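Here is the structure we will look at, set down as structure tokens.
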Amino acid sequence: MGRTPVRAPPAIVRCRRRSAGTTAFFLSPDQAPPPRRLHLVEEYELSNRDVKGLTDEGPTEPIWFEGRIQALDFRVDDEEVVLWVASNISERHQLEVRLRELSDTDQLTGLFNRRKLERDLKLHYESAMRYALPTSILMFDLDNLKTINDTRGHHVGDEIIRAVADICRSTLRKTDSACRLGGDEFVVAMPKTDLEQAMRLARRLHECFRQELGQYSAESVVVTASMGVTAIAAEDRSYEDTLKRADRALYDAKNLGKDRIVSA
Ligand SMILES: Nc1nc2c(ncn2[C@@H]2O[C@H](COP(=O)(O)OP(=O)(O)OP(=O)(O)O)[C@@H](O)[C@H]2O)c(=O)[nH]1
């Protein structure tokens with residue numbers, strides 16, 4: 001990674017009782033000093049401006065430390081003292097962040113995956129219930145992908161799925177999150193969006209698919225999308241109820257002849 005080694009904060013940090021120093025995160029005004037012999041392990045971030053001893057080429061990003069903190073049994077100048085050993089864990093921290101991102105991401109498209117969607121929807125459901133915030137869900141499934149796979153090859157099918165993801169990224173708002181559930185099925189979660197606004201967005205997305213996916217047609221078969229749209233309702237017991245309603249609306253869209261949007 002080519003990082004310049006940095007000097008950690010001093011090994012022994014003197015903390016004034018009930019005062020908050022720059023690194024004394026457990027000695028904030030409302031916290032007493034740690035009980036004797038308690039061994040704390042904390043991860044924390046410091047701006048490079050707050051770390052003494054960096055060279056001019058020192059890292060420009062924040063530096064992550066793991067602090068192992070031990071209250072000591074004696075006082076210095078009549079003040080509580082702790083032993084504070086800090087290790088630079090920036091590389092490990094970045095790796096953990098990357099792994100977390102990968103575990104939330106669909107490999108083919110770079111969209112979120114089901115696991116992340118379920119976490120987001122749980123939070124959206126809680127906000128919707130607590131603050132009466134409208135939240136909508138759009139579920140869509142591509143039409144006729146199997147025929148394209150069979151006639152033009154699986155790689156063209158993959159290209160279509162990636163193109164759909166790109167259209168989602170360029171059409172949706174930053175606050176919306178698009179996820180690939182698997183295969184040719186996708187879900188968009190739209191916080192602060194009522195059903196009417198969600199339908200407008202679904203129509204826009206549907207129109208973009210019509211324009212962009214025509215190029216992948218085989219013989220007379222065109223890839224389109226069938227969509228089900230719904231909003232979290234007061235009587236929903238969890239986000240799963242909302243998701244099931246979106247799924248039923250999508251099923252109706254398929255049964256009514258595909259390439260259409262049904263709201264529920
Ligand atoms: N190329 C490609 N194909 C996939 C991928 N995941 C699933 N599929 C294919 O997508 C198709 C999904 O099945 P269906 O939804 O029944 O196929 P469809 O032709 O879209 O059918 P309708 O939804 O009824 O229009 C299957 O043929 C899968 O093999 C993928 O990652 N890449």
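Both backbone and side-chain heavy atoms feed into the values below; hydrogens, waters and symmetry mates do not. For ligands, and for the atoms within them, numbers begin at 1 and follow the listed sequence. A quick note: this is a predicted structure, and the numbers were derived from the prediction, not measured.
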Is the count of non-hydrogen atoms from other residues, nucleotides or ligands lying under 6.0 Å from [X] atom [atom1] greater than 12?
{"X": "Lys192", "atom1": "NZ", "answer": "no"}
{"X": "Tyr251", "atom1": "OH", "answer": "no"}
{"X": "Glu196", "atom1": "CD", "answer": "no"}

Please state whether Arg162 comes within less than 4.0 angstrom of ligand 1, counting heavy atoms only.
->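 Flag not set, Arg162 not near ligand 1.
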Please could you name the atoms of ligand 1 that [X] approaches to less than 4.0 Å, counting only its heavy atoms?
{"X": "Asn149", "value": "1 (N), 2 (C), 3 (N), 4 (C), 9 (C)"}
{"X": "Leu108", "value": "31 (O)"}
{"X": "Asp143", "value": "20 (O), 25 (O)"}

Min N/O separation Ile161 to ligand 1 under 3.5 Å = no
Within-cut-off N or O pair, Leu145 and ligand 1, under 3.5 Å =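 Yes; at least one N/O pair falls below 3.5 Å.
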For the pair Asp247 and Lys244, evaluate salt bridge (Lys or Arg N to Asp or Glu O under 4.0 Å) and give the outcome as yes or no after the intermediate values.
-> CA-CA 5 Å; Asp247 192 30; Lys244 277 184 203 150; over 6 Å; no
Report the nearest protein non-hydrogen atom to [atom]: residue, atom name, distance rounded to 0.1 Å.
{"atom": "atom 31 (O) of ligand 1", "result": "Arg180 NH2, 2.8 Å"}
{"atom": "atom 32 (N) of ligand 1", "result": "Asp158 OD1, 2.6 Å"}
{"atom": "atom 24 (O) of ligand 1", "result": "Lys258 NZ, 3.5 Å"}
{"atom": "atom 19 (O) of ligand 1", "result": "Lys146 N, 2.9 Å"}
{"atom": "atom 23 (O) of ligand 1", "result": "Lys254 NZ, 2.7 Å"}
{"atom": "atom 7 (C) of ligand 1", "result": "Gly183 CA, 3.4 Å"}

Passes salt bridge (Lys or Arg N to Asp or Glu O under 4.0 Å), Asp104 versus Arg119? Steps please.
-> CA-CA 10 Å; Asp104 285 342; Arg119 235 175 32 235; 2.8 Å; yes
Can [X] and [Y] be counted as having a side-chain donor-acceptor contact under 3.5 angstrom?
{"X": "Asp236", "Y": "Thr242", "result": "yes"}
{"X": "Asp106", "Y": "Thr109", "result": "yes"}
{"X": "Arg173", "Y": "Thr193", "result": "yes"}

Ligand 1 versus [X], non-hydrogen atoms closer than 4.0 Å: side chain, backbone, both, neither?
{"X": "Glu185", "result": "neither"}
{"X": "Ile160", "result": "neither"}
{"X": "Asp141", "result": "side chain"}
{"X": "His155", "result": "neither"}

Using heavy-atom distances, let me know which of Asp184, Asp150, Asn144 sits nearest atom 15 (O) of ligand 1.
-> Asp184
Worked check of salt bridge (Lys or Arg N to Asp or Glu O under 4.0 Å) between Arg162 and Glu159 = CA-CA 5 Å; Arg162 279 196 293 264; Glu159 233 179 277; 5.6 Å; no
Distance below 4.0 Å between atom 10 (O) of ligand 1 and any protein heavy atom?
->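 Protein heavy atoms within 4.0 Å of atom 10 (O) of ligand 1 - there is at least one.
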Quick one: does NZ or CZ of Lys116 land under 6.0 Å from the six-membered ring centre of Phe112, within 45 degrees of the ring axis?
->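 So Lys116 does make the cation-pi contact.
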Report the relative orientation of the aromatic rings in Trp84 and Tyr44; use parallel for angles under 30°, tilted for 30 to 60°, perpendicular for over 60°.
->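 Plane angle over 60°, so perpendicular.
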